[in-house]
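Some notes on the structure that comes next.
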2 protein chains.
Amino acid sequence: MGLTIGQVAKECGVDVETIRFYERDGLIRQPARPDSGFRRYPPDVVKRILFVRRAKALGFSLREIRDLLSLRVDSATTCDEVKKRAEEKIIDIKNKIRSLQEMKHALEKLTAACRGRGPTAECPILEALEDGNDAGTPKGTPEQYPGKQAATKG
Amino acid sequence: MGLTIGQVAKECGVDVETIRFYERDGLIRQPARPDSGFRRYPPDVVKRILFVRRAKALGFSLREIRDLLSLRVDSATTCDEVKKRAEEKIIDIKNKIRSLQEMKHALEKLTAACRGRGPTAECPILEALEDGNDAGTPKGTPEQYPGKQAATKG
DNA sequence: CTTGACACCGTAGCAGGGTACGGGGGCATC
DNA sequence: GATGCCCCCGTACCCTGCTACGGTGTCAAG
């Protein structure tokens with residue numbers, strides 16, 4: 001007769017409170033509450049929550065995720081409207097993919113440089129991220145950045 | 001003799017306060033302050049800030065971005081260490097790319113379905129995001145979600 | 001030498017996205 | 001029928017990542 005909120009939480013690797021929060025926020029539907037008022041979820045809510053988490057990790061806000069999840073044609077939305085919104089999102093996503101691919105390239109260059117070579121002082125990620133630039137005059141003064149230590153602390 | 005904080009802000013499309021915040025947070029180096037104590041930036045700080053913004057839009061936290069930007073070999077970091085961290089990030093990024101490609105596919109399917117067909121009730125994004133699943137038994141009960149309205153409000 | 005745009009600093013406030021808490025109930029099991 | 005585990009609800013709190021504020025200083029132009 002459906003999963004309890006605790007079971008869903010465990011399957012999704014999130015906290016029970018998070019699920020209640022997502023419900024309040026309109027990201028998941030209010031489930032049935034047959035017996036004692038306890039929520040009972042259909043199994044596919046798990047997919048939905050996992051989608052939310054993944055989309056969040058990709059930089060979408062909960063509001064955007066709500067929009068994504070609501071992309072369907074129903075009595076209140078025309079085909080054209082849905083198509084338009086979907087196409088906007090596709091462009092958005094393509095841009096994200098491109099940025100990530102650039103970052104990946106930069107990092108791959110870094111590991112490659114690392115394999116054969118010694119110290120590369122300036123930040124190779126920035127070098128490689130310039131529009132179609134692929135080397136770059138090194139600038140001397142390879143100072144450390146102050147402020148909070150970046151990793152390498154544990 | 002370098003850009004003022006205001007000029008950098010304008011070029012990056014961010015607020016002056018954001019730049020000061022990034023400085024405090026260790027994302028950008030403390031610039032020179034020759035004359036009256038005003039910050040003077042080398043032009044490449046613009047690239048750095050734009051990188052931060054892009055990375056943020058891709059779901060990286062400022063802490064992670066600091067780590068990314070610090071990936072270089074210097075007197076305090078061995079090649080192996082850098083390589084290890086870079087490779088972890090590459091895996092991370094590959095996963096993000098894959099997720100985004102799945103989302104893109106799902107949306108493309110949606111617009112395609114839209115072109116030829118009428119109402120598709122259940123959420124096609126979720127259908128398409130199941131591991132290697134590509135249709136899915138429609139489930140009846142095409143209810144609306146309550147909670148906050150998802151877009152379609154303007 | 002004043003006016004205005006911009007810079008400085010510290011601190012406070014805010015939105016997003018959860019997370020924790022406290023008090024109360026359901027249900028199975030010992 | 002008491003113990004323990006899970007659920008309910010509302011509210012308060014917390015961290016991240018800015019953003020705004022207020023009071024002061026600088027410098028270039030008129």
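Note that the structure is a prediction, hence the values are computed from the model and not measured. A note on names: the letters A, B, ... follow the listed sequences, proteins ahead of strands, and every chain is numbered from 1. The figures here come from the full heavy-atom set of this structure, side chains too, leaving out hydrogens, waters and symmetry mates.
- Recorded end-axis angle for the helix from C/dC1-D/dG30 to C/dC30-D/dG1 stands at 10°, based on five pairs per end and rounded to 10 degrees.
- The side chain to side chain contact (heavy atoms under 4.5 Å, CB included) test applied to B/Ile91 returns B/Asn95, not counting sequence neighbours.
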Might you list the N or O atoms of the protein lying below 3.5 Å from N or O atoms in nucleotides 28-30 of chain D, with each pair's distance?
none

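- Evaluation of the side-chain hydrogen bond (donor to acceptor under 3.5 Å, both in side chains) rule for A/Arg33 yields no partner, not counting sequence neighbours.
- Pairs engaging residues 1-16 of chain B under the salt bridge (Lys or Arg N to Asp or Glu O under 4.0 Å) rule: none recorded [sequence neighbours left out].
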>> What does the B/S/- profile of nucleotides 25-30 of chain C look like, 5' to 3', with a 4.0 Å heavy-atom cutoff to protein?
In response: BSS---

Listed pairs, N/O of protein and of nucleotides 21-23 of chain C, under 3.5 Å:
none

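- Remark: B/Lys84 pairs with B/Glu81 by the salt bridge (charged side-chain N to carboxylate O under 4.0 Å, His left out) rule, at least two apart or across chains.
- Residues meeting the salt bridge (charged side-chain N to carboxylate O under 4.0 Å, His left out) test with A/Lys104, sequence neighbours left out: A/Glu108.
- For the side chain to side chain contact (heavy atoms under 4.5 Å, CB included) test, residues two or more places apart in sequence or in another chain that qualify with B/Thr4 are B/Gln7, B/Arg40.
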Please tabulate the protein-to-nucleotide N/O contacts below 3.5 Å involving nucleotides 12-17 of chain C, giving atom names and distances.
{"from": "C/dG17", "atom 1": "OP1", "to": "A/Leu62", "atom 2": "N", "distance (Å)": "3.0"}

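- When rounded to the nearest whole Å, the span between CD of B/Gln7 and P of C/dC6 equals 10 Å.
- In this structure A/Arg20 satisfies the salt bridge (charged side-chain N to carboxylate O under 4.0 Å, His left out) test together with A/Glu17, sequence neighbours excluded.
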